[in-house]
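Chain identifiers are assigned alphabetically (A, B, ...) following the order of the sequence lines, protein sequences preceding nucleic acid strands; residue numbering begins at 1 within each chain.
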Amino acid sequence: MAAPLVLVLLVAVTVRAVLYRSSLAGLISERVEVASPLNAWKRVVEGLALLDLGVSPYSGDVFHETPLVIYLFHFLIDYAELVFMITDMLTAVALYLAVQDYNKVLFKKQKLLIELDKYAPDVAELIRTPMEMHYIPLKVALFYLLNPYTVMSCIAKSTCAINNTVIAFFILATIKGSAFLSAVFLALATYQSLYPLTLFAPALLYLLQRQFIPVKMKNKDFWFYTVQYAGLYLGSLLVIICLSFFLLNSWDFIPSVYGFILSVPDLTPNVGLFWYFFAEMFEHFSLFFVCVFQINVFFYTIPLAVKLKEHPVFFMFVQLAIISIFKSYPTVGDIALYMAFLPLWSHLYRFLRNIFILSCVLIVCSVLFPVLWHLWIYAGSANSNFYYAITLTFNVGQILLISDYFYAFLQREYYLTHGLYLTRKDGTEAMLVLK
Amino acid sequence: MEPAAALLGLLLLVPALAERATAPVRDSLREELLLSPLPSGDLAATFQFRTRWDSDLQREGVSHYRLFPKALGQLISKYSVRELHLSLTQGFWRTRSWGQPYLQAPAGAELWVWFQDSVADVNKAWKDLSNILSGIFCASLNFIDSTNTVIPTASFKPLGLANVTDHHFLRYAVLPREVVCTENLTPWKKLLPCSSKAGLAVLLKAERLFHSSYHSQAVHIRPICRDAACLSASWELRQTLTVVFDSFASGQGKKDWSLLKIFSRTLTEACPLASQSKIYVDISSKGQVGGKDTEQYVNDAQLHFSLTAESVYDLLDPGLFNASRSLNVLLKWKRPQDSLAMVAPVLHAQRYVSGYGLQTGEISTVVYNTHPYRAFPVLLLETVPWYLRLYIHTLTIITKGKENKPSYIHYQPAQDRRRPHLLEMLIQLPANSVTKITIQFERVLLKWTEYTPDPNHGFYVSPSVLSALVPSVTAMEEEDEEQSPLFASLFPSFDGSSYFVRLYTEPLLVNLPTPDFSMPYNVICLTCTVVAVCYGSFYNLLTRTFHVEEPSQGGLAKRLANVIRKLRGVPLL
């Protein structure tokens, strides 16, 4: 099992090494889809240059990385390419191990439910077999490493890859059941990009499930465990933030990193929804709409937690997707992370309604991004609306993809308990509707 | 009737006379005009009106103003100004073809002020001061705010008497987009004691002054030593105005000129309040050999001058005026002259933007040191607005193909919508060298309300400022700049081997990407629709559960259809 993974890793390293040496590297690192103001490599280098000049990197509005990233690259600036290759490999391996473990858990759970007769009798074809689950971890690693989005992100040296690694380690720690490491990595991820804060809920649900603690308000164990996990999380967050303070001896990074994420002052075009909306916004509504748009990331967490109480890993996947759609400076690297999970849900394939159209939309949009950018910025024959239109389509595509997966997941769960071949009272084949 | 009027006149005169007797006149006005033909065939006219007042303006209660304009005097005492320098300029001084300027100013409006160290809130004083100056000079100085104000650390030292050099009391701003025209000239002329009624200011006729290649008017206020002992300070107000006339083009290919031709006026008298009133004609013609071939005429009567660097006409000398009481200075060339290739000034610079597209770009500044054997350092100040995001790590300084490391560098990065980039560097220029300074920037997409009314015209970037102590080239230069009558004392003079020069490069015009200004509503609607699509589909999935579709009794449509079917006699649905 390890041999194919090693092969995939080798292929991925080769692809990256070749691209780093090619002339494409410069071109890719300038792409706005790959490098956002928050994580562009050019800005990391600028921050280090400012530090060398004796100017605080946070005194200007160019550098928005966290102090730990400065210190990481302060020592590793000459090995940056290597660092980004290694982070990608680590992400893939972490996802591989996490998915492998999760599949085992899933299989055990399925076996238990069958033994308990919780499934309808005619759902044999929905039952997952070890055969089909065998290659899923490898496919996840493959999907992450050879996804063009990840490759481009790595070539552009977008620090998004580091965020992805931290989140992958968080997922691994959660699935392995280590509450402490999970809290630490979640704190790190939150510290890096704020939005992973919402992953607290699925992680807690998963850990509770692993400890066989029912999620009930009256349950004392539930509260004890929740407080313990929250304490670990907040404690490590506090430690990391204080550490950052002592590294630079100032709190300047808080407004410069988190204020920048939340108030969206930089309107450089990207694949997200924010930039054009706030470029065209009337000044006195600006604050209101910033709040409305930012709330989208956090808004779905509680209802999702209620609905997907039993399926925290799927919840995590949906939440990651929501983050990458609604974060203020999204890049394709964020999208690559949740896309890596798609093979994990390959058993939902038969319930997906318009996967073909949506994949076409996403692929066509990805191709059109650079084309319309060129027409707007360089050729001058198009205007900003063209690029804006394609970001809208891309985001609609992503939203529909996620809701399609969500729909398919719920539908499969329904079929598992109620039987695959539903009949009406009069014996004809029944339709399933959402009511 | 007549004795009564005389008595009245006497009564009015008595207090004035009494005051004159008790307090000696403590203020003076000197007016000067320098006419210098430029190597390219153009003619530069530089006016300077110097008002000096032996009074302590900082002290409260100074209320009697004679020559010094009250508007400016009150400003100085109210805002505790130590020094004030304002220039309004239209056009660009072409150093390469016109030679070193006497006093260059950047295109647009430039204001720099040193405040007294007693000022607590310098930013507020600066804001108020620029607003008042905006009113006085009818200029858009009220657009000076934190986004275009910088605090240079080394480039702008006080020019007058000063013992404080804490740069926190200095503010500097340039508005490169400012258009200078008649409405700025009129208030400037009104500050003169004789206004434009008498003296050299008679020549300042707006339609001629603005029909020129370069027009720059300035106000410099500074404290100076009252006497050689320098125990107390006097205030000095210099109002200068530089115009470059394209006389070669307007004179049908001849370089001859006269006061009447260029100003369409002649002089009638000196300003009665002036203690000095002189016209200098620079006949040395920097870099030209034709100096000896000129003839000068005053009132059409040929006078013979000794071939010194300048010819001087003292307007206070009554013998200068002819019977018609008018003075016209005329210069005729004996032989038709071609524009001779001039010797490039020791220090000059040019600046441009390179790169294509609206994503990134590069600002290049090329600084020339043409001195054959002396190297000297130059202080470069760059102020770049925040919407061009500079990347300091891309800064390269190349001299003679080698990297030139600046010995001093001060960089203050911009903050979006709050302050501009400020870059100050001390660069050593080797003898006879060209130094190229490049820095890359990124163009920012602004909010639609932040664009100027004509966004595709582009955005101006203020000129960079070069300050240097330039060594004299006695072997090359026929005239020593320091001997110039006009500005000998404005810049601090150093030893005879070098002189201070401040140069401004071209302002830049940079295009930024623009959003579509016509569709804010569409964008708000469309983006909100996408958010609603997400909300809608998630809301559906989160709040509803799956049910087997039960055969319904049919809605209104189905019942209606059945009624029609029954009428038609076809099977019901």
Heavy atoms from other residues, nucleotides or ligands near [atom1] of [X] exceed 12 (cutoff 6.0 Å):
{"X": "A/F282", "atom1": "CZ", "value": "yes"}
{"X": "B/F143", "atom1": "CZ", "value": "no"}
{"X": "B/K157", "atom1": "NZ", "value": "yes"}
{"X": "A/I302", "atom1": "CD1", "value": "no"}
{"X": "A/I295", "atom1": "CD1", "value": "no"}

Using non-hydrogen atoms only, which part of [X] is less than 4.5 Å away from chain B: side chain, backbone, both, or neither?
{"X": "A/V318", "value": "side chain"}
{"X": "A/L432", "value": "both"}
{"X": "A/F285", "value": "neither"}
{"X": "A/E283", "value": "side chain"}
{"X": "A/Q398", "value": "neither"}
{"X": "A/I322", "value": "side chain"}
{"X": "A/E30", "value": "both"}
{"X": "A/I325", "value": "neither"}
{"X": "A/F299", "value": "side chain"}

Should A/R43 and A/E65 be marked as a salt bridge (Lys or Arg N to Asp or Glu O under 4.0 Å) after you check the CA-CA gap, both sets of side-chain angles, and the distance that decides it?
CA-CA 8 Å; A/R43 297 188 182 233; A/E65 299 284 351; over 6 Å; no
Given heavy-atom pairs under 4.5 angstrom as the criterion, report whether the side chain, backbone, both or neither of [X] touches chain A.
{"X": "B/L395", "value": "neither"}
{"X": "B/Q412", "value": "neither"}
{"X": "B/L446", "value": "backbone"}
{"X": "B/V444", "value": "neither"}
{"X": "B/T514", "value": "backbone"}
{"X": "B/R419", "value": "side chain"}
{"X": "B/Y539", "value": "neither"}

Selection from [options] maximising heavy-atom pairs under 4.5 Å formed with chain A:
{"options": "B/Y535, B/Y521, B/F517", "value": "B/Y535"}
{"options": "B/S537, B/A414, B/C534, B/P513", "value": "B/C534"}
{"options": "B/T543, B/L526, B/N540, B/I409", "value": "B/L526"}
{"options": "B/T449, B/V523, B/V531, B/D416", "value": "B/V523"}
{"options": "B/T529, B/L358, B/V533, B/T394", "value": "B/L358"}

Checking B/D145, B/N142, B/D121, B/T149 against B/K127 for side-chain contact (heavy atoms from CB on, under 4.5 Å), the one that qualifies is B/D145
Side chains of B/H457 and B/Y460: is there a donor and an acceptor less than 3.5 Å apart?
yes
For B/T360 and B/Y391, test the side chains for any donor-to-acceptor distance below 3.5 angstrom and give the result as yes or no.
no
Between B/T383 and B/S462, which heavy-atom pair has the shortest distance, and what is it?
O-OG, 3.3 Å
Find the one option among [options] whose heavy-atom pairs under 4.5 Å with chain B are most numerous.
{"options": "A/N296, A/L392, A/V55, A/T391", "answer": "A/L392"}
{"options": "A/A389, A/P269, A/S59, A/S403", "answer": "A/S59"}
{"options": "A/F278, A/F63, A/Y387, A/W376", "answer": "A/W376"}
{"options": "A/T268, A/L50, A/V292", "answer": "A/L50"}

Would you mind checking if B/E382 and B/R351 are paired as a salt bridge, meaning a charged N to carboxylate O distance below 4.0 Å?
yes
Looking at A/Y407, is A/R353 sitting on its ring face, NZ or CZ under 6.0 Å from the six-membered ring centre and within 45 degrees of the normal?
yes
Should A/Q319 and A/T301 be marked as a side chain to side chain donor-acceptor pair (under 3.5 Å) after you check the CA-CA gap, both sets of side-chain angles, and the distance that decides it?
CA-CA 7 Å; A/Q319 188 63 52; A/T301 311; 3.3 Å; yes
Would you say the side chain of B/S407 lies within less than 4.5 Å of the side chain of B/Q428, judging by non-hydrogen atoms?
no
I'd like to know if the side chain of A/E280 reaches the main chain of A/W275, judged simply by a donor and an acceptor atom lying under 3.5 Å from each other, with no hydrogens or angles considered.
no
